[in-house]
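This report refers to the structure that appears directly beneath it.
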There are 2 protein chains.
Amino acid sequence: MGVLRRLPLCVTKKNMDKLILNNYFHSLFPIQKETVENITETFCDFAMEKNTTLLDKNAISTKTYFLEKGYVRSYILNEDNEEITTNIYAAPCFVNDFLSFFKKQPTKEIYQTITDCSFWETSLENVQKNFHNIPEFREFSRLLFVINYSKLNDRVIEMASEKAETRYINLLKQQSHIFQNVPLKIIASYLGITDSSLSRIRKEIGKI
Amino acid sequence: MGVLRRLPLCVTKKNMDKLILNNYFHSLFPIQKETVENITETFCDFAMEKNTTLLDKNAISTKTYFLEKGYVRSYILNEDNEEITTNIYAAPCFVNDFLSFFKKQPTKEIYQTITDCSFWETSLENVQKNFHNIPEFREFSRLLFVINYSKLNDRVIEMASEKAETRYINLLKQQSHIFQNVPLKIIASYLGITDSSLSRIRKEIGKI
DNA sequence: TCAAGCACTTGACAAATGACAAGAAATTAT
DNA sequence: ATAATTTCTTGTCATTTGTCAAGTGCTTGA
């Protein structure tokens, strides 16, 4: 808390470059500019090329990632060694394996970039410091959980109640940009079907 | 913060009766007895008969519920007016529509008791007070989110990668008590299949 | 105790989706 | 630019699951 505050060595972009990151906070929750800057002060940025592993299976996630630009997915390998995409992340959003990060457990999923990506990251130590010291950050964190839980819940409902064609149409309506940036085979497994089935569905409906 | 603290009128059980509720906190997280008692002091208890609606569709959830005894489910009505069970809750656990409770939005799902149930409830006001004043409660809350998110994520993975028969076998292995307490038609829609299909699967496998 | 309703099973057939293989189209590397 | 690789499409056929309808048996309430 002294007058001299050492900036983390990894800060390679100036504060102004945190525009997208900081705006993400403002977009979710009424929060003061200074509070956000305080929260994101210790975030470090890095970039990754497409098809690169951000977090491997069985690793313990030590970072929370903010995806500033690009597309990321998480996937598992089933017993036949086929990749099943469990989630697709489109910037701007946080990418976080909650169980691994907060409970220090090995991840079940592999997190990989789909396109070239830029990220900001922060450590559990920083998250904890902010969580316990900044009431607005606590609210923001919980809101992130609520939103993510709710999205996942919607997906479970869809998987249990809609057929593949409807799920495809919904995704197309809600996130058509994914179809311009993510290979269809990845989208297919995200929808819970094979790429052949997706191809047939697209043929019947008339594609994009 | 005065010396006189008014006990909530709805406290109908003595503190000792909060054993199951309080133990739930201890089972998830190392936390002091006094801290838990402080947190649950404002919880009120009530009971409901089987097949009773706890939280109706489009309502705004003003309470967080702790299910002390019994089984609860959440379900939606699809476009054909069929009930799709989205979640089955087995005591002891918290039952909470996160989106509705924390963002004050109308629920998409209906929450209904499957068996006779007993609950503890608390208000958003109390949750907020504890969340911002008791660090251990913040950690507990976040842990609840992490656990719930992770369970839901496992279910999405299962729905996308396993066929109905495997999903049935997994549920039987992990929560066989559900089959003794929840009608098969509810379990079927929870597994994302019809009751006819579940019946056939059970016939092939050899039932319980 | 009896009737009514509900849960569960089963059969016949239909629809949706998967498995596999081959080929076309697009992308990437050299 | 060309070759290699990957992605996407399509055909055939098998499997899974759904739909509908009928029938059995269990609960529940008057």
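Fair warning: this is a prediction, and the values are worked out from it, not measured in the lab. Scope of the values below: all heavy atoms of this structure, side chains included, with no hydrogens, waters or symmetry mates. Chain A is the first sequence line, chain B the second, and so forth, proteins listed ahead of strands; every chain is numbered from 1.
A straight line from NZ of Lys185(B) to P of dT19(D) spans 14 Å, rounded to a whole angstrom. What separates CG of Leu198(B) from P of dT10(C) is a distance of 12 Å, to the nearest Å. Counting to the nearest Å, the P atom of dA15(C) and the CD atom of Glu162(A) are 19 Å from each other. A straight line from CG of Asn51(B) to P of dT28(D) spans 10 Å, rounded to a whole angstrom. The interatomic distance linking Asp195(A) (CG) with dA26(C) (C1') rounds to 15 Å, in whole Å. If you measure from atom CG of Asn78(B) to atom C1' of dG18(D), you get 13 Å, rounded to the nearest angstrom. Rounded to whole Å, the distance from CG on Leu184(A) to P on dT6(D) is 17 Å. If you take CD1 of Ile201(B) and P of dT10(C), they are 13 Å apart, rounded to a whole angstrom.
Distances shown here put every side-chain N or O of Thr194(B) at or beyond 4.0 Å from the OP1 or OP2 atom of dT17(D). Put simply, Ser199(B) has a side-chain N or O that comes within less than 4.0 Å of OP1 or OP2 on dT9(C). For the pair Ser196(A) and dG18(C), the criterion of a side-chain N or O lying under 4.0 Å from OP1 or OP2 is not met.
With dC8(D), dT10(D), dA7(C) as the candidates, the nucleotide lying closest to the side chain of Pro183(B) is dA7(C).
Between Phe145(A) and Phe102(A), the ring planes lie tilted relative to each other; the angle falls in the 30° to 60° range.
Nearest-nucleotide assignment on DNA chain D puts the 5′-proximal partner with Lys163(B), out of Lys50(B) and Lys163(B).
Looking at Thr115(B) and Asn181(B), their side chains never bring a donor and an acceptor atom within 3.5 Å of each other.
Aromatic pair Phe25(A)/Phe140(A): ring centres closer than 6.0 Å.
In the interface, the side chain of Arg200(B) is paired with the base of dT19(D) through a donor and an acceptor atom under 3.5 Å apart.
Because its NZ or CZ atom is both nearer than 6.0 Å to the ring centre of Phe131(A) and within 45° of the ring axis, Arg142(B) counts as a cation-pi partner of that residue.
Judged by distance alone, with hydrogens and angles left aside, the side-chain atoms of Ser189(A) form a donor-acceptor pair with the main-chain N or O of Thr85(A) at under 3.5 Å.
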